[in-house]
Number of protein chains: 2
Amino acid sequence: MKLGRLNHIGVATPSIADSIAFYRDVMGATKIHTPFDLEEQGVKVCFVDTPGENGTNGTQIELIEPLGENSTLAGFLAKNPLGGQHHLCFEVPDIDEARSEFEALGKRILGPTRIGAHGTPIFFVHPKDMGGMLTEIMETPREGAHWSN
Amino acid sequence: MKLGRLNHIGVATPSIADSIAFYRDVMGATKIHTPFDLEEQGVKVCFVDTPGENGTNGTQIELIEPLGENSTLAGFLAKNPLGGQHHLCFEVPDIDEARSEFEALGKRILGPTRIGAHGTPIFFVHPKDMGGMLTEIMETPREGAHWSN
């Protein structure tokens with residue numbers, strides 16, 4: 001596989017409302033998207049844009065807050081009550097090809113390929129096989145595709 | 001302050017050599033810089049480039065390995081033996097102005113402003129004041145400046 005864009009870094013937070021205020025008032029973010037629920041993952045999500053070079057889009061901050069009592073984030077926030085860095089997400093051109101490559105390398109993939117927060121297929125790879133980092137692999141949105149987050 | 005580029009994410013590793021092999025062979029990175037020692041911080045450093053949009057430079061991965069017995073990374077790796085996400089680094093146009101703003105907000109800055117891995121002034125802000133994330137603030141390298149990492 002060829003390394004793709006670092007689409008976003010996933011940042012766990014006990015309160016997206018508080019984190020929005022932090023990124024707006026302390027860090028000076030100007031492009032903060034509308035939060036939405038991603039029920040399948042048990043999280044509420046809010047993307048914050050960072051600028052890339054020469055007016056391009058940079059890597060996003062994906063704020064994630066637990067949604068419901070059985071959220072996968074509950075354990076993370078129990079250990080890190082203030083929140084913190086939760087995962088990294090890299091883009092690939094073809095999700096099925098990437099999955100096959102990771103499987104061939106013996107990397108533990110967490111669950112099925114599913115639709116992620118940007119509306120394209122994603123899967124997660126176990127942190128123990130990825131240098132200690134929970135890693136999301138995401139198919140690059142196609143040009144003209146309808147995704148607004 | 002206005003949110004600048006996410007220059008890099010700092011990734012702690014027990015072995016930069018092993019991490020280089022991982023990013024090259026598993027993740028498909030093609031631009032991996034030469035590792036070097038940053039003695040003042042007690043770390044060995046290696047930057048891995050990720051692509052940005054439209055051929056621009058994306059956010060880098062900054063691999064950091066402990067250098068010497070008193071490295072600040074020792075505690076992190078004791079808790080996270082495989083390594084993991086260690087800090088985020090955002091660019092600002094003027095480091096002194098940014099420092100004054102963080103101080104005015106009562107954010108705890110860790111030590112003096114100093115020269116970072118990219119040869120420009122940086123400082124770190126305490127994770128407890130930054131949503132649980134150790135945050136590096138870095139002055140954007142000026143065009144034409146001599147920095148190769």
Side-chain angles (χ1 to χ4, degrees), chain A residues 1-7 9-15 18-19 22-31 48-61 63 77 80-88 90-92 98 101-102 105 107 125 127-135 137, chain B residues 1-7 9-15 18-19 22-31 48-61 63 77 80-88 90-92 98 101-102 105 107 125 127-135 137:
Chain A
M1 117 173 199
K2 188 178 170 190
L3 188 67
R5 277 187 76 225
L6 182 60
N7 181 278
I9 55 163
V11 171
T13 172
S15 163
D18 289 352
S19 289
F22 171 79
Y23 279 97
R24 185 188 59 215
D25 301 337
V26 177
M27 298 302 290
T30 53
K31 292 186 187 171
V48 178
D49 289 2
T50 74
E53 276 192 347
N54 303 331
T56 58
N57 293 304
T59 293
Q60 290 178 307
I61 309 284
L63 299 169
L77 286 171
N80 308 277
L82 297 171
Q85 294 182 70
H86 180 265
H87 68 272
L88 295 183
F90 291 99
E91 294 182 12
V92 293
E101 287 188 37
F102 277 100
L105 290 165
K107 302 294 183 190
V125 191
K128 288 195 176 169
D129 292 341
M130 302 296 282
M133 296 188 295
L134 178 61
T135 306
I137 304 295
Chain B
M1 116 173 198
K2 187 178 171 191
L3 188 66
R5 278 186 75 225
L6 182 59
N7 181 277
I9 54 162
V11 171
T13 172
S15 163
D18 289 352
S19 290
F22 171 79
Y23 278 97
R24 185 189 59 216
D25 301 337
V26 177
M27 298 303 290
T30 53
K31 292 187 187 171
V48 178
D49 289 3
T50 73
E53 276 191 348
N54 303 330
T56 59
N57 293 304
T59 293
Q60 291 179 306
I61 310 283
L63 299 169
L77 285 171
N80 307 277
L82 296 171
Q85 293 183 70
H86 180 266
H87 67 271
L88 295 183
F90 290 100
E91 294 182 11
V92 294
E101 287 188 37
F102 278 101
L105 289 166
K107 302 293 182 190
V125 191
K128 288 195 176 169
D129 292 342
M130 302 295 282
M133 296 187 297
L134 178 61
T135 305
I137 303 295

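Numbers restart at 1 for each chain; the letters A, B, ... are given by sequence-line order, proteins then strands.
With a threshold of 4.5 angstrom between heavy atoms, B:Leu105 approaches chain A through side-chain atoms but not through N, CA, C or O. For A:Lys128, the parts lying under 4.5 angstrom from a heavy atom of chain B are both the backbone and the side chain. In this structure, chain B has a heavy atom under 4.5 Å from the backbone of A:Asp49, while its side chain stays farther away.
Atom CE of B:Met1 is separated from atom CG of A:Asp25 by 12.5 Å, given to the nearest 0.5 angstrom. Atom-to-atom distance recorded for B:Ile137:CD1 and A:Met27:CE is 4.5 Å, nearest 0.5 angstrom. The line from CD1 of B:Ile9 to CD1 of A:Ile9 is 7.0 Å long, rounded to the nearest 0.5 Å. A:Arg5 CZ to B:Thr59 OG1: the interatomic distance, rounded to the nearest 0.5 Å, is 8.5 Å. Note that CG of B:Leu3 and CD1 of A:Ile61 are 7.0 Å apart. Values are rounded to the nearest 0.5 Å. Note: A:Asn54 CG to B:Asn54 CG = 9.5 Å, rounded to the nearest 0.5 Å.
Of the listed residues B:Thr30, B:Val92, B:Val26, the one with more heavy-atom pairs under 4.5 angstrom with chain A than any other is B:Val26. No other option in A:Gly58, A:Gly131, A:Ser19 has as many heavy-atom pairs under 4.5 Å with chain B as A:Gly131. Here B:Leu88 is the residue among B:Leu134, B:Leu88, B:Thr13, B:Val48 with the most heavy-atom pairs under 4.5 Å with chain A. When A:Asn80, A:Thr50, A:Asn57, A:Val11 are compared by the number of non-hydrogen pairs under 4.5 Å with chain B, A:Asn57 comes out ahead. Taking A:Pro81, A:Ala12, A:Gly84 one by one and counting their heavy-atom pairs under 4.5 Å with chain B, the maximum is reached by A:Gly84. Across A:Pro127, A:Pro51, A:Gly83, A:Pro14, the residue that shares the most heavy-atom pairs under 4.5 angstrom with chain B is A:Pro51.
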Might you work through the side-chain contact (heavy atoms from CB on, under 4.5 Å) test for B:His86 and A:Gln85, ending with a clear yes or no? CA-CA 8 Å; B:His86 180 266; A:Gln85 294 182 70; 6.0 Å; no
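A:Asp129 meets the salt bridge (Lys or Arg N to Asp or Glu O under 4.0 Å) test with A:Arg108; sequence neighbours excluded.
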